[in-house]
Amino acid sequence: MALILLFFCFYGFEISDAKVLITEVYADTLMKGEPDEFIVLENFGDSAVNLEGWSISDGEGEIIFPDFVVQPHQKVYVAREAEAFERQALDFGVAVRADFEYENSSEEVPNLQTRGVFALRNKGDEVILRDKGGEVVDAVIFGDAKFNGDAWRGAPLQRPVEGMVFKRKGGKDTNTRRDWVLLWLHTPYFDAKRFNCVEAVAFVSPDCSFEVICDELARASSFICLNVYEFESFALKDALRNAILRGVKVKILLEGSPVGGMSDEEEEIVEELREAGAEVRFSAEPFVNHAKYAVIDGESVIIMTENWGNSGVPHEKTFGNRGWGIILRSKELAEYFKNVFDADFRRGKAELNEGAKENREVYGKAEKGGEVEGKGMPELLLSSSDAEYVLVGDIEPFYACGNITVEPILAPDNAYEEILSMLEGARERIYVEMFSAEKIWFNNECMMNPFFDALISAARRGCEVKVLLDAKEYNLDGNNDNDEVVEWLNGVARAENLNLRAEIADLDALGLLKIHNKGAIIDGQKVLISSLNWKSCSLHNREAGVIVESEPVARYYEQVFMHDWNLTVKGGGEILHPSGKTMSEEWGKIFYIALTFVITVVIFLLIKRYRG
């Protein structure tokens, strides 16, 4: 045995538990000529590995490593041009040095030996890592490239998107596309995790969001970190300013190029908060920072579907958007979202992007747009039990405690897989309320919207499915938006006799400016609250949300949904009994039981009398 080991060592073969994998591939870059291309390797094993003689190939060219030892869990950055790579990383707030380059640009960075021309194709390519003996160690295939071998199985990754990096999900290695995610340049990957929360405050816009958020901001004693697409509420600005005056540190990340440009109101709010002591930055990513969340004191997280504007969180609660929000109290969950915020804030810019200040378009305008009671199961949403529908502004927040499980949802990191998994797990019913959606997704490939496809599959296995979409003209005037989704879903339902129905919201009956929600309720047990519209472009944005598993919390939102649904389809949103049925259905059930009892008694008395 010793002789065999000696033979392998003599000829350079490595016998260890080391595992070197490709972890990042940046092909379609932001720089002209793409000098900032790079590949990252990482040793996931517990032993060091000497890369001497190892190579990376793209089928046309090859780069070969010199004598270089990679320690356990060490990363190796291989750049096309080291100077361009490092300069761009600094632009995104990241100080990282290239270990090697393969086109000579820096005297300080070793230049790898090359054979042929190694350059990653944007339409598709293969990245093959081989050891000293020429054996394939790892492979990444994307776009229109093809590969035969055990190091990659199944379909390739999609074509790269400019400014985004293929990144391995930790040390996951199934040799398939499931191991990878497409992320913004120099951003960490945030995996899906589950947290337990001790308390939750569920609320809705326009009815009670303003008071709930202001109460939570008033509780802050240490810090507030806010990430929101747009901030145009002077009343919420005052709440943050008051927090700063009592010593709370405030950081705010805003989208630097909102649709139509940044408004005068938002610029004024930014200026006033900076003067008060807040640190404000603007996202400058190739894609949109569309999140709407806040972390407070490392203790709680506010997640919303709404921007901090006059229609999203209105001071006057009888006017505004339908949106959902929730406050979750958990140190672990707060730490998770604080890490996300820090990573994105670090990359933000102190000044606006060029072109951010422009005349606002219609769609851009549309985007603006005390004691919490109730433990256990939610009560009726009205104080008057004989009312037929809820007036805008009458829905109260709901307080829940106990067994509450929360899973963060982030795009581009994990939102697609986790939302799809949630829908595929439904067994009884799914209710969806959504601002903007597409029937067909165009994302390097054409496909039917997989989220709605999952709803159709749920209906086919016997689930009740209801979908309520916004009715504003900018969500209806195209040929691939809300009305096309409704037509598609209802067409399938009619053809297959499914318990599936989709509707465009009746905003006049609802008394709402628009449906700006991005939520879903599953089986009366889980609820999705997020910033993510069901559109293909949203998967590349920074979107944030949660899946909350709690029957009382889900029941609260189910009641709100059924109110909106009933007003749309019946012209009168009947209040729900806590069982989830409408009050008329519940009274009908009671009447039927009582009638059955009376008939039974009468029959019994008649029989007794006859026999007597």
Side-chain angles (χ1 to χ4, degrees), residues 92-95 167 169-170 181 183-184 186-201 212-213 215-229 231 236 239-240 243-244 246-255 273 277-285 289-308 325-350 404-415 418 529-532 541-548:
F92 286 98
V94 178
K167 196 160 191 172
K169 299 175 181 177
V181 64
L183 296 180
W184 298 343
H186 296 301
T187 55
Y189 166 68
F190 292 95
D191 202 354
K193 295 183 178 181
R194 292 171 68 86
F195 300 92
N196 293 320
C197 290
V198 295
E199 292 180 2
V201 183
V212 171
I213 291 175
D215 286 348
E216 194 66 16
L217 296 178
R219 291 165 55 108
S221 60
S222 178
F223 69 83
I224 298 171
C225 294
L226 170 65
N227 185 357
V228 66
Y229 178 72
F231 190 162
L236 290 176
L240 284 180
I244 295 170
R246 63 176 186 269
V248 177
K249 294 182 179 180
V250 173
K251 292 183 178 180
I252 303 172
L253 180 63
L254 302 171
E255 167 55 36
L273 286 174
E279 186 177 0
V280 182
R281 294 186 185 180
F282 302 98
S283 175
E285 308 295 347
N289 177 48
H290 196 244
K292 305 146 196 330
Y293 70 90
V295 183
I296 299 177
D297 290 348
E299 300 279 348
S300 64
V301 181
I302 304 173
I303 298 288
M304 290 193 68
T305 65
E306 302 308 293
N307 296 305
W308 282 30
I326 193 165
I327 297 172
L328 298 159
R329 306 199 198 287
S330 163
K331 291 182 179 180
E332 293 76 15
L333 181 68
E335 181 182 13
Y336 181 97
F337 274 102
K338 178 64 162 52
N339 289 337
V340 176
F341 178 86
D342 287 344
D344 291 345
F345 189 79
R346 180 195 67 215
R347 300 154 53 81
K349 307 297 183 182
I404 304 170
T405 303
V406 179
E407 182 180 345
I409 298 298
L410 294 173
D413 305 63
N414 59 49
E418 298 309 315
I529 304 168
S530 81
S531 62
L532 188 142
N541 296 342
R542 168 58 81 216
E543 308 280 359
V546 287
I547 295 175
V548 179

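Keep in mind that this is a model prediction, so the values were computed, not measured.
The shortest side-chain heavy-atom distance between Val546 and Tyr293 does not fall under the 4.5 Å cut-off. A 4.5 Å side-chain heavy-atom check between Lys292 and Ile302 finds every atom pair outside the cut-off. Side-chain contact between Asn227 and Arg281 is absent, with no heavy atoms from C-beta onward closer than 4.5 Å. Within the 4.5 Å cutoff, the side chain of Val548 has heavy atoms near those of the Ile326 side chain. Put simply, the side chain of Ile409 does not reach to within 4.5 Å of the side chain of Leu532, judged on heavy atoms. Side-chain contact check for Phe231 versus Leu240: some heavy-atom pair is nearer than 4.5 Å. Contact annotation: the side chain of Lys167 never approaches that of Thr187 to less than 4.5 Å [non-hydrogen atoms, C-beta and beyond]. Put simply, the side chain of Tyr189 does not reach to within 4.5 Å of the side chain of Leu410, judged on heavy atoms.
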Is there a side-chain contact (heavy atoms from CB on, under 4.5 Å) between Arg346 and Val94? Walk through the geometry before answering.
CA-CA 8 Å; Arg346 180 195 67 215; Val94 178; 3.6 Å; yes
Could you go through the side-chain contact (heavy atoms from CB on, under 4.5 Å) check for Ile213 and Leu236 one step at a time?
CA-CA 8 Å; Ile213 291 175; Leu236 290 176; 4.0 Å; yes
Trace of the side-chain contact (heavy atoms from CB on, under 4.5 Å) decision for Val301 with Tyr336:
CA-CA 10 Å; Val301 181; Tyr336 181 97; over 6 Å; no
Trace of the side-chain contact (heavy atoms from CB on, under 4.5 Å) decision for Arg542 with Asp413
CA-CA 9 Å; Arg542 168 58 81 216; Asp413 305 63; 3.0 Å; yes
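Residues satisfying the side chain to side chain contact (heavy atoms under 4.5 Å, CB included) criterion with Ala220, sequence neighbours excluded, are Ile224, Arg246, Val248, Ile296, Asp297. Qualifying ring-ring contact (aromatic ring centres under 6.0 Å, His included) partners for Phe92, counting only residues two or more places apart in sequence or in other chains: none. With sequence neighbours left out, the salt bridge (charged side-chain N to carboxylate O under 4.0 Å, His left out) criterion links Arg347 to Glu285. Asp342 meets the salt bridge (charged side-chain N to carboxylate O under 4.0 Å, His left out) test with Lys338; sequence neighbours excluded. With sequence neighbours excluded, the residues satisfying salt bridge (charged side-chain N to carboxylate O under 4.0 Å, His left out) with Arg219 are Glu216. The salt bridge (charged side-chain N to carboxylate O under 4.0 Å, His left out) search around Glu332 returns none, not counting sequence neighbours.
Residues Phe341 and Leu226 approach most closely at CE1-O, 3.4 Å, considering heavy atoms. Across every non-hydrogen atom of Asn414 and Ala192, the tightest pair is ND2-N, 3.6 Å. Listed here is the closest heavy atom pair of Ser330 and Phe195: OG-CB, 4.5 Å. The two residues Ser300 and Ile327 come nearest to each other via the heavy atoms CB-CG2, 4.3 Å. Across Gly545 and Ile303, no two heavy atoms sit closer than the pair CA-CG2, 3.9 Å. Between Ala334 and Val295, the closest heavy-atom pair is O-CG1, 3.7 Å.
Rounding to the nearest 0.5 Å gives a distance of 4.5 Å between CG of Asn289 and CG of Leu253. The CZ atom of Phe223 lies 8.5 Å from the CD atom of Glu299; values are rounded to the nearest 0.5 Å. Expressed to the nearest 0.5 Å, how far NE2 of His290 lies from OG of Ser283 amounts to 12.0 Å.
Proximity of a side-chain donor or acceptor of Ser531 to a complementary backbone N or O of Ala544 within less than 3.5 Å is detected.
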